[in-house]
Protein chains: 2
Amino acid sequence: MNIGDVSARTGLPAKTIRYYEDIGLVKPLRDNNGYRVFRSQDVHKLNFLGRARALGFTIEDCRTLMALYEDETRASADVKKVARAHLAQIEAKIADLNAMRDTLGHLVDACAGDDRPDCPILQDLGGNP
Amino acid sequence: MNIGDVSARTGLPAKTIRYYEDIGLVKPLRDNNGYRVFRSQDVHKLNFLGRARALGFTIEDCRTLMALYEDETRASADVKKVARAHLAQIEAKIADLNAMRDTLGHLVDACAGDDRPDCPILQDLGGNP
DNA sequence: CTTGACCTTCCCGTGACTGGAACCCCCATT
DNA sequence: AATGGGGGTTCCAGTCACGGGAAGGTCAAG
């Protein structure tokens with residue numbers, strides 16, 4: 001299978017697939033003409049990577065998770081550890097964003113949004129309590 | 001005032017302040033020895049930028065907001081527009097992250113986290129429904 | 001034989017900084 | 001006068017996970 005087909009099948013852009021090869025996440029074969037040739041196991045890996053990335057795992061996490069996936073003797077504790085660390089990061093980010101949303105939401109609500117210059121948003125940014 | 005003092009006063013790293021000068025957000029004077037000299041209005045601007053960045057505004061948004069801040073004839077509608085667009089982005093990101101958290105949370109809960117290899121997290125990433 | 005859709009590599013750009021090297025400046029102490 | 005330390009300066013490279021685009025090779029159809 002060529003990269004275009006794999007892209008269609010996995011939903012990953014061809015650029016991304018090439019990048020994943022570059023950094024050693026997937027190792028397709030090569031045809032005589034230099035084209036990449038993907039086996040079904042490569043497609044499977046790429047789907048795995050796509051799902052892991054969609055859950056927000058970093059590339060390095062993906063590498064770790066792939067290694068665990070392929071290690072039949074893994075301990076699920078190792079997987080869970082990676083996932084829980086990532087979950088904690090997600091939750092931290094959600095908390096940050098919620099704080100921003102609250103502050104910004106109040107400011108937006110307080111702003112008249114008309115053609116006059118008075119603006120609580122700018123007042124807040126300018127340091128007015 | 002030198003950059004170290006400004007850094008202490010604004011909480012922004014000196015590197016960041018230099019970067020902000022680089023991209024034209026702030027224009028400190030220069031002493032004979034080449035040192036940057038910050039006036040109180042520069043410090044004020046930097047505080048403004050720090051607060052805007054803390055609310056997650058992009059640098060380009062900050063540039064826009066600063067311009068509005070300094071424009072006495074602004075319409076608050078223009079400020080509100082920028083803020084609302086950013087708020088929408090924040091909310092979209094929160095929604096994404098909440099979805100990730102929910103999925104990942106369930107998977108983590110379902111994972112035994114022991115020394116056996118069976119792992120619902122990897123099963124899900126591997127494409128098992 | 002040509003067209004057009006693929007494929008290849010390579011290099012640059014993204015956003016908002018951060019780290020580090022190499023060097024200058026000023027003040028205080030020995 | 002030399003030295004040491006704590007400022008400051010510039011510039012270059014790296015981050016993360018790609019995306020855009022150029023320049024060129026390959027393949028199947030008309």
Side-chain angles (χ1 to χ4, degrees), chain A residues 1-38 42-43 45-46 48-66 85-86 89-90 93 96-97 100, chain B residues 1-39 42-43 45-46 48-66 82 85-86 89-90 93 96-97 100:
Chain A
M1 221 181 337
N2 283 350
I3 201 169
D5 307 318
V6 178
S7 173
R9 212 172 271 229
T10 60
L12 297 172
K15 278 268 185 187
T16 299
I17 298 171
R18 291 196 194 97
Y19 173 66
Y20 287 172
E21 186 194 14
D22 248 34
I23 62 175
L25 281 179
V26 70
K27 301 189 204 316
L29 305 174
R30 290 294 178 137
D31 211 341
N32 289 333
N33 55 18
Y35 286 21
R36 289 169 182 82
V37 174
F38 295 84
D42 297 320
V43 177
K45 269 196 186 188
L46 287 167
F48 181 101
L49 292 169
R51 275 185 288 264
R53 291 287 300 128
L55 284 179
F57 284 104
T58 66
I59 290 284
E60 280 320 297
D61 279 349
C62 289
R63 203 187 295 277
T64 305
L65 291 171
M66 276 286 308
H86 178 47
Q89 292 229 351
I90 288 176
K93 193 146 214 171
D96 281 2
L97 289 172
M100 287 182 197
Chain B
M1 220 182 338
N2 283 351
I3 200 167
D5 307 317
V6 177
S7 172
R9 212 171 270 230
T10 60
L12 298 171
K15 279 266 184 187
T16 298
I17 298 171
R18 291 196 194 97
Y19 173 66
Y20 287 171
E21 185 193 14
D22 247 33
I23 62 175
L25 282 178
V26 70
K27 301 189 203 317
L29 305 175
R30 291 293 179 138
D31 210 342
N32 289 334
N33 55 16
Y35 287 21
R36 288 169 183 81
V37 175
F38 295 84
R39 294 151 294 177
D42 297 319
V43 178
K45 269 197 187 189
L46 287 166
F48 182 101
L49 292 169
R51 275 186 288 265
R53 291 287 301 128
L55 285 179
F57 284 104
T58 66
I59 291 284
E60 280 320 298
D61 279 349
C62 289
R63 203 187 294 277
T64 304
L65 292 171
M66 276 286 307
V82 173
H86 178 48
Q89 293 229 350
I90 288 176
K93 194 147 215 169
D96 281 1
L97 289 172
M100 286 183 198

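Worth knowing before you read on, the calculation uses all heavy atoms, side chains too, and leaves out hydrogens, waters and symmetry mates. The chains referred to below are lettered A, B, ... by the order of the sequence lines, with proteins before strands, and numbering in each begins at 1.
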Sugar-phosphate or base contact per nucleotide [nucleotides 24-30 of chain D; S, B, -; heavy atom under 4.0 Å]: -BBS---
Full working for salt bridge (charged side-chain N to carboxylate O under 4.0 Å, His left out) between B:Arg63 and B:Glu60: CA-CA 5 Å; B:Arg63 203 187 294 277; B:Glu60 280 320 298; 3.2 Å; yes
Using a cut-off of under 3.5 Å, enumerate the N/O to N/O pairs linking the protein to nucleotides 10-12 of chain D.
from   : atom 1 : to      : atom 2 : distance (Å)
D:dT10 : OP1    : B:Arg30 : NH1    : 3.4
D:dT10 : OP1    : B:Arg30 : NH2    : 3.3
D:dT10 : OP2    : B:Arg36 : NH1    : 3.2
D:dT10 : OP2    : B:Arg36 : NH2    : 2.6

Sugar-phosphate, base or nothing in reach of A:Phe57, heavy atoms under 4.0 Å: nothing
Sugar-phosphate, base or nothing in reach of B:Ile3, heavy atoms under 4.0 Å: sugar-phosphate
Whichever of A:Ala14 and B:Pro13 has its nearest DNA chain C nucleotide further upstream toward 5': A:Ala14
Point-to-point distance, once rounded to the nearest 0.5 Å, from OH of A:Tyr20 to CG of A:Leu46: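 Separation between the atoms: 8.5 Å.
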First encountered from the 5' end of DNA chain D, between A:Tyr19 and B:Asp5: B:Asp5
Enclosure of A:Arg9 CZ (heavy-atom neighbours >12, cutoff 6.0 Å):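 For A:Arg9, atom CZ is not crowded (no more than 12 foreign heavy atoms under 6.0 Å).
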Indicate yes or no: at least one non-hydrogen side-chain atom of [X] is less than 4.5 angstrom from one of [Y].
{"X": "B:Ile3", "Y": "B:Arg18", "value": "yes"}
{"X": "B:Leu49", "Y": "B:Met66", "value": "yes"}
{"X": "B:Asp5", "Y": "B:Phe38", "value": "no"}
{"X": "A:Thr58", "Y": "A:Asp61", "value": "yes"}
{"X": "A:His86", "Y": "A:Ile90", "value": "yes"}

Bounds of contact between DNA chain C and chain B, in 5' to 3' order, using a heavy-atom cut-off under 4.0 Å: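 Boundary nucleotides touching chain B, in 5' to 3' order, are C:dA16 to C:dC26.
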Nucleotide D:dG14, atom P - distance to CD1 of A:Ile59 in whole Å: 19 Å
Whole angstrom value for the distance that separates C1' of D:dC18 from CG of A:Leu46: 15 Å
Ion pair B:Glu21/B:Arg36, N-O distance below 4.0 Å: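 Looking at B:Arg36 together with B:Glu21, the answer is yes, because their closest N to O distance falls below 4.0 Å.
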Cationic N near anionic O, under 4.0 Å, A:Lys45 to A:Asp42: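 Salt bridge absent between A:Lys45 and A:Asp42.
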Below 4.0 Å: OP1/OP2 of D:dC16 and any side-chain N or O of A:Thr58: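 So the side chain of A:Thr58 is outside the cut-off, no N or O lying under 4.0 Å from OP1 or OP2 of D:dC16.
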B:Asn2 (side chain) donor-acceptor with B:Gly4 (main chain) under 3.5 angstrom: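 Flag not set: sc B:Asn2 to bb B:Gly4 has no pair under 3.5 Å.
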